[in-house]
Amino acid sequence: MRKLAAGNWKMNGTSAELAEVSALIAAQAKPGCEMLLCPPATLLARMADIAAGSALMVGGQDCHAKTAGAHTGDISADMLKDAGATHVILGHSERRADHGETDIAVRAKATAALAAGLTAIVCVGETEAQRDAGRTLDVIGTQLAGSLPAQMTGAADSLVIAYEPVWAIGTGRTPTLDEVAEVHAFIRTTLTTRFGEVAKAMRLLYGGSVKASNAADIFAVPHVNGALVGGASLKASDFGPIVAALAAS
Ligand code: PGA
């Protein structure tokens, strides 16, 4: 299975930051794993132009469930693809919190993304209160049950799950390696029960305060097949070493 280092720029970046993309490509000409950046929609097409012919892929941060229509401010999976995207992040906890996205909405988006030929990166993760209450696996199980497409039609690598504990995002705090291992093993088992053999080849990413200094340890955890990186994906000098750590794992 090819591992995936994915960067999520969130609502960060204007034209000036595109220089980071060239720097990343120069530093990681042959990364040894898949390398993806998901910029804000305003930069997507330009980033895709810069990345053309390189090992870097680009993706969106959300899409609408419909192909086109009267949905002011929204972007469809087909539009992302047309702009050069190969992937889309869906159901990120910030979208679930800021925009009230439910598991059902995320499932509809993931189904649309797969139909458009994009790889869907579906995010799940517990809040701190849920972890403290011992409900982590219940919460993840419910999110997986509700957010994933009903059927897996495409290749195994077109559906990626990102486990991102909400309390670890942007905080500098991470779960213990045992906690990461427990959740990733649970996700693998849940996917295999649901989709069968194909699930063994699906990539499971860890996300939440991944940085160069903790990346190698996290990547050594069983069933961690890559990372979804926020803050540390904004600069080539931060993201490059994470990509290198993944390639070496
Ligand atoms: P972080 O964000 O790496 O800044 O914690 C991760 C994410 O939200 O995908």
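Just so you know, residue 1 is the first one in the sequence shown, and it goes up from there. Values below: all heavy atoms of this structure, side chains included; hydrogens, waters and symmetry mates excluded. One-based numbering, in listed order, for ligands and for the atoms of each.
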In terms of residue, atom name and distance, what is the protein heavy atom nearest to [atom]?
{"atom": "atom 7 (C) of ligand 1", "value": "Glu164 OE2, 3.0 Å"}
{"atom": "atom 2 (O) of ligand 1", "value": "Lys10 NZ, 3.3 Å"}
{"atom": "atom 4 (O) of ligand 1", "value": "Gly231 N, 2.8 Å"}
{"atom": "atom 3 (O) of ligand 1", "value": "Gly230 N, 2.8 Å"}

Within-cut-off N or O pair, Glu94 and ligand 1, under 3.5 Å: no

Just to check, does [X] reach to within less than 4.0 Å of ligand 1 when the distance is taken from its heavy atoms?
{"X": "Ala168", "answer": "yes"}
{"X": "Ala232", "answer": "no"}
{"X": "Ser209", "answer": "yes"}

So, [X] and [Y], do they make that salt bridge, N to O below 4.0 Å?
{"X": "Glu126", "Y": "Arg135", "result": "no"}
{"X": "Arg96", "Y": "Asp103", "result": "yes"}
{"X": "Glu17", "Y": "Lys235", "result": "no"}
{"X": "Glu128", "Y": "Arg131", "result": "no"}
{"X": "Arg107", "Y": "Glu101", "result": "no"}
{"X": "Lys109", "Y": "Asp62", "result": "yes"}

[X] heavy atoms, cut-off 4.0 Å: which ligand 1 atoms fall inside?
{"X": "His92", "value": "7 (C), 8 (O), 9 (O)"}
{"X": "Gly170", "value": "1 (P), 4 (O), 5 (O)"}
{"X": "Asn8", "value": "9 (O)"}

Criterion side-chain contact (heavy atoms from CB on, under 4.5 Å) on Ile187 and His223, from CA distance to verdict: CA-CA 9 Å; Ile187 294 174; His223 300 294; over 6 Å; no

Ser158 side chain to Gly154 backbone, donor-acceptor under 3.5 Å: no

Main-chain N/O of Leu18 paired with Arg46 side-chain donor or acceptor, under 3.5 Å: no

For ligand 1, the portion of Ile169 having any non-hydrogen atom under 4.0 Å away: both

Residue portion contacting ligand 1 (non-hydrogen atoms closer than 4.0 Å) for Ser233: neither

